[in-house]
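Some notes on the structure that comes next.
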Protein chains: 2
Amino acid sequence: MPKPVRRTQAERIEVTRNKLLESAARGFSTYGYGNVRLDDIARDAGYTRGALYHLFAGKEELALAVIDWVSRTWRAEVGEPAEAIADPAERLVWTAQAHARYCRKDVAAVLMSLRVEFAGRDHAVAHALTELMEPLKATVAKVITRGRRVGSIPPGPPPRALASAYLGALEGVTAAVGGPPHDVALTARAVRGVLGLPNPS
Amino acid sequence: MPKPVRRTQAERIEVTRNKLLESAARGFSTYGYGNVRLDDIARDAGYTRGALYHLFAGKEELALAVIDWVSRTWRAEVGEPAEAIADPAERLVWTAQAHARYCRKDVAAVLMSLRVEFAGRDHAVAHALTELMEPLKATVAKVITRGRRVGSIPPGPPPRALASAYLGALEGVTAAVGGPPHDVALTARAVRGVLGLPNPS
DNA sequence: ACACATACATACATGCCTGTATGTATGATG
DNA sequence: CATCATACATACAGGCATGTATGTATGTGT
């Protein structure tokens, strides 16, 4: 018996919460919001639904918490570091590559999975997702506009449409390729093409 | 009262079947396989579940029929015409553009929607989808290989990985852009980038 | 025109999953 | 160490969607 370590309540709850969030992310990502059973999520994390309902009000709140959790880590690992890059074109390409690396963690796919499932629906999860994507798209559009003013991104379709395509290419390619060793290079290729940048070769 | 036209049984059943398939495609695409209710699908087509269960063994068979139905129209409108184009690079770019136009019909999104929902699961629908995508990916890989031999596609990542990225970019961009007037141009940009082709400018 | 088959509607039964209420064990406080 | 609070498990209840069985109307063969 591996010694019943005495943990403080705050520690216990944080450990449990994180385990549940991770299992939930995997569950939502693999089975979808509607198909996954809370029992599976809890059991996968090593608990029962009792723990889950103690920490989250229900399935919907759990999904919202997962979205918040994943988007936080995304910002930390992809969004924030990208802001250090001055040149707009470089920054967008770097972001794409960082996103591809980020998506190697299986939990990352949960955002795309949920977005597809809730696309065009009136649901709290759907609203959370659009409130997450909308500013991101706006930011990308702004970077594109700046890039064109500076001359590092060639002219073409309107920035907002281009931003949508950029994000779509990002997710589509990373999801389809599904990991190393070519995910980063191929994602970069795709977004370069979308932005109208020449391939570096 | 609009005259009770006397239709033959074969006609009745075909009309009904098609209406149900179209509603099912919309339903699966909007709500997902697990979330949509067969009652909604039937009612949307102007029938009840009675008609649905008379024509299809159940939800699963309905989904399989929808997949078959959509893939047929895709082949007719995108796959087959593309084969007329000799040059490999041109053919792949044209296919992407034709796919973008094809996706303007709302029912087209059903394949991507189902693929995301069933990705990595052991389910009859999942198998049907992989059996549909696998040959397609193989074909694209072959065209890429030929294109490189001929010199119309530059060297780069292995053909299979490139084919995955090509299809991912295709779906990602069309789904994200979501229609005219820029869908075709942006999709072409993305796949050109993935394939390593120079942008025509 | 009659009996039969089939397209489709309505009514019923079953199972599963969410949500809630209750119970138990472990950590906190005096 | 005794009492309380909290993390988590187990037990119960309700709803909702699938699937099935039965009923009705429309087309078909003789």
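Of the residues in residues 52-67 of chain B, B:Tyr53, B:Gly58, B:Lys59 come within less than 4.0 Å of DNA chain D through at least one heavy atom, sorted by number. Within residues 28-46 of chain A, the residues having any heavy atom under 4.0 Å from DNA chain C are, by residue number, A:Val36, A:Arg37, A:Leu38. Proximity of residues 16-24 of chain A to DNA chain C (heavy atom under 4.0 angstrom from any strand atom) is not detected for any residue.
When side chains are defined from C-beta on, A:Glu22 counts as touching A:Arg26, because their heavy atoms get closer than 4.5 Å. Side-chain atoms of B:Thr130 and B:Phe118, non-hydrogen and from C-beta on, never get closer than 4.5 Å to each other. Put simply, the side chain of B:Thr174 does not reach to within 4.5 Å of the side chain of B:Leu170, judged on heavy atoms. At a threshold of 4.5 Å between non-hydrogen side-chain atoms, the residues B:Val140 and B:Ile144 count as touching. Counting heavy atoms from C-beta on, the side chains of A:Leu111 and A:Trp74 never come closer than 4.5 Å. In this structure, A:Leu162 and B:Arg189 have side chains that are in contact, with non-hydrogen atoms separated by less than 4.5 Å. Within the 4.5 Å cutoff, the side chain of A:Leu38 has heavy atoms near those of the A:Leu62 side chain.
End-to-end axis angle of the helix from C:dA1-D:dT30 to C:dG30-D:dC1, from C1' rotation axes over five pairs per end: 10° (rounded to 10 degrees).
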CA sep, side-chain torsions, deciding dist, call: A:Leu114, A:Val110, side chain to side chain contact (heavy atoms under 4.5 Å, CB included): CA-CA 6 Å; A:Leu114 290 175; A:Val110 70; 4.0 Å; yes

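The distance between atom OH of A:Tyr47 and atom C1' of D:dA9, rounded to the nearest whole Å, is 13 Å. Protein atom CZ of B:Arg49 is 9 Å distant from nucleotide atom P of D:dG19, rounded to whole Å.
With hydrogens and angles disregarded, no donor-acceptor distance shorter than 3.5 Å links the side chain of B:Arg75 to the backbone of B:Glu80.
The list of salt bridge (charged side-chain N to carboxylate O under 4.0 Å, His left out) pairs with a residue in residues 48-57 of chain A, not counting sequence neighbours, is empty. Within the structure, every pair that satisfies the salt bridge (charged side-chain N to carboxylate O under 4.0 Å, His left out) test and touches residues 113-131 of chain A, not counting sequence neighbours, is listed here: A:Arg115-A:Glu171.
Checking B:Lys105, B:His99, B:Arg104 one by one against B:Arg101, the side-chain contact (heavy atoms from CB on, under 4.5 Å) holds for a single residue, B:Arg104. Checking each of B:Ile41, B:Asp40, B:Val66, B:Asn18 against B:Ser23 for a side-chain contact (heavy atoms from CB on, under 4.5 Å) leaves exactly one that passes, namely B:Ile41.
The side chain of B:Ile13 lies closest to C:dA7, out of C:dA7, C:dA9, D:dC8.
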